[in-house]
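Let me begin by presenting the structure, written as structure tokens, before commenting on it.
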Protein chains: 2
Amino acid sequence: MSATDSFGNFLRTRRQRKAGDDPSFSLRKLANRIGIEPSYLSKIERGHQPPPGEDTIRKIADELGEDRDAMLALAGKVSSDLLEIIRQRPAVVAELLRAIRRAPARRITEMSREVRDGEW
Amino acid sequence: MSATDSFGNFLRTRRQRKAGDDPSFSLRKLANRIGIEPSYLSKIERGHQPPPGEDTIRKIADELGEDRDAMLALAGKVSSDLLEIIRQRPAVVAELLRAIRRAPARRITEMSREVRDGEW
DNA sequence: TGGGGTGTGTAGTAAAAGCTACACACTGAA
DNA sequence: TTCAGTGTGTAGCTTTTACTACACACCCCA
């Protein structure tokens with residue numbers, strides 16, 4: 001399943017679920033709040049257009065109450081602030097990312113906690 | 001200094017240094033080995049063109065014996081294999097990256113080692 | 001005094017990304 | 001029975017990305 005399709009499907013089902021008990025989540029109204037053309041949003045939901053740009057995805061995620069990074073990933077993208085973190089120290093950070101590729105998620109979360117708590 | 005300029009400057013000085021004792025590092029010959037037009041390489045070196053695409057940067061880095069991730073970073077890019085690692089598990093990996101933003105490089109390298117050694 | 005080698009200037013090009021604008025057809029309530 | 005609201009189809013657009021093609025001017029040295 002292409003990024004175009006999975007992003008669209010996810011978006012459509014999440015929006016429709018919300019539209020069930022909140023009429024402000026009609027395709028048109030949501031598009032207006034986000035600041036894009038309704039027809040464009042329609043095409044994205046059905047996979048007739050690839051996912052939109054980063055800023056637009058961010059707004060969509062916020063409106064739906066979904067995780068920004070997860071939606072960006074669905075769209076085949078990575079948040080630009082993460083890119084910036086990598087670009088600041090390419091060698092060390094690249095090494096770390098390649099190291100954790102197959103590590104269990106639990107272990108990765110644990111590492112985040114340790115770093116934040118300053119355990120070293 | 002823009003990405004265009006710093007990438008160009010770095011490339012030019014590294015290439016010229018090598019050209020000093022190895023004539024196969026003339027702009028033209030290097031361009032031919034890489035598979036791009038000499039005039040294009042010339043413009044990139046002088047910052048008249050933005051850095052080339054990922055594949056081309058990779059080839060340049062390999063020719064110069066420089067770190068790929070570092071050169072990509074100079075160009076304002078991030079290696080697509082790292083993007084893929086993030087997209088696989090956006091939430092956990094994003095959390096980790098944001099956590100290490102201000103951590104000392106030594107600590108990050110240490111973490112890579114620990115994960116590879118399977119210390120958990 | 002050419003003929004290979006050097007770098008550079010000008011002028012394009014193809015494809016992708018990220019959209020807009022507007023008309024159309026349907027539905028459900030007033 | 002109209003009209004506000006729903007989603008959708010068609011046809012564009014601008015900007016960015018990542019280059020190519022080719023001619024020009026200089027230098028050196030055989």
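Side-chain atoms are counted along with the backbone in the values below, which use heavy atoms only and exclude waters and symmetry mates. Chain A is the first sequence line, chain B the second, and so forth, proteins listed ahead of strands; every chain is numbered from 1.
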Could you check whether Arg14(A) pairs with Glu66(A) (Lys NZ or Arg NE/NH1/NH2 to Asp/Glu carboxylate O, under 4.0 Å)? yes
For the side chain of Lys77(A), starting at C-beta, report the closest nucleotide among dC19(D), dG18(C), dG7(D). dG18(C)
What integer distance in Å separates Asn32(B):CG from dG7(C):P? 11 Å
Please determine whether a side-chain nitrogen or oxygen atom of Tyr40(B) lies at a distance below 4.0 Å from atom OP1 or OP2 of dT20(D). no
Between atom CD in Glu37(A) and atom P in dT10(D), what is the gap in whole Å? 17 Å
It should be established whether Lys29(B) places a side-chain nitrogen or oxygen under 4.0 Å from OP1 or OP2 of nucleotide dT6(C). yes
To the nearest Å, how far apart are Leu41(B) CG and dT6(C) P? 12 Å
Applying a 4.0 Å non-hydrogen cut-off, can you work out what Ser26(B) is touching in the nucleic acid: base, sugar-phosphate, or nothing? sugar-phosphate
For a quick test of reading the model: is some side-chain N or O of Arg12(B) closer than 4.0 Å to OP1 or OP2 of dG7(C)? no
With a 3.5 Å cut-off and heavy atoms only, can you find an N or O donor on one side and an acceptor on the other between the side chain of Arg28(B) and the base of dG7(C)? yes
Would you kindly give the CD1-to-C1' distance between Ile34(A) and dT20(C), to the nearest whole Å? 16 Å
dT8(C) OP1/OP2 closer than 4.0 Å to side-chain N/O of Arg46(B): yes
Report yes if a side-chain nitrogen or oxygen of Lys43(A) is closer than 4.0 Å to either non-bridging phosphate oxygen (OP1 or OP2) of dA21(C); otherwise report no. no
Considering just the side-chain nitrogens and oxygens of Arg15(A), establish if one lies under 4.0 Å of OP1 or OP2 belonging to dT6(D). no
Please check the phosphate of dC19(D) (OP1 and OP2 only) for any side-chain N or O of Thr56(B) closer than 4.0 Å. yes
Nearest whole angstrom, please: distance from the C1' of dG7(C) to the CD of Gln49(B). 16 Å
side-chain contact (heavy atoms from CB on, under 4.5 Å) between Asp81(A) and Arg98(B), intermediate numbers included: CA-CA 9 Å; Asp81(A) 74 307; Arg98(B) 296 196 176 103; 2.9 Å; yes
Would you say the side chain of Glu84(A) lies within less than 4.5 Å of the side chain of Ser80(A), judging by non-hydrogen atoms? no
Return the value, rounded to whole Å, for the distance between atom CD1 of Ile44(B) and atom P of dA18(D). 10 Å
Taking 4.0 angstrom as the limit, do Arg58(A) and Asp62(A) come out as a salt bridge? no
Find the distance Asp55(B):CG to dC19(D):P and express it as a whole number of Å. 8 Å
Would you mind telling me which of dC19(C), dT20(D), dG7(C) lies closest to the side-chain atoms of Ile36(B)? dT20(D)
Ser42(B), nearest nucleotide to its side chain (from dG7(C), dG9(D), dA21(D)): dG7(C)
5'-most contact on DNA chain C (nearest-nucleotide basis), Pro50(A) vs Gly35(A), goes to Pro50(A)
Face-on cation placement of Arg33(A) at Phe25(A) ring, 6.0 Å and 45° thresholds: yes
Spacing of Phe25(B) atom CZ relative to dG5(C) atom C1', expressed in whole Å: 18 Å
Modelled atom types, side-chain donor and acceptor of Ser42(B) and Arg46(B), under 3.5 Å: yes
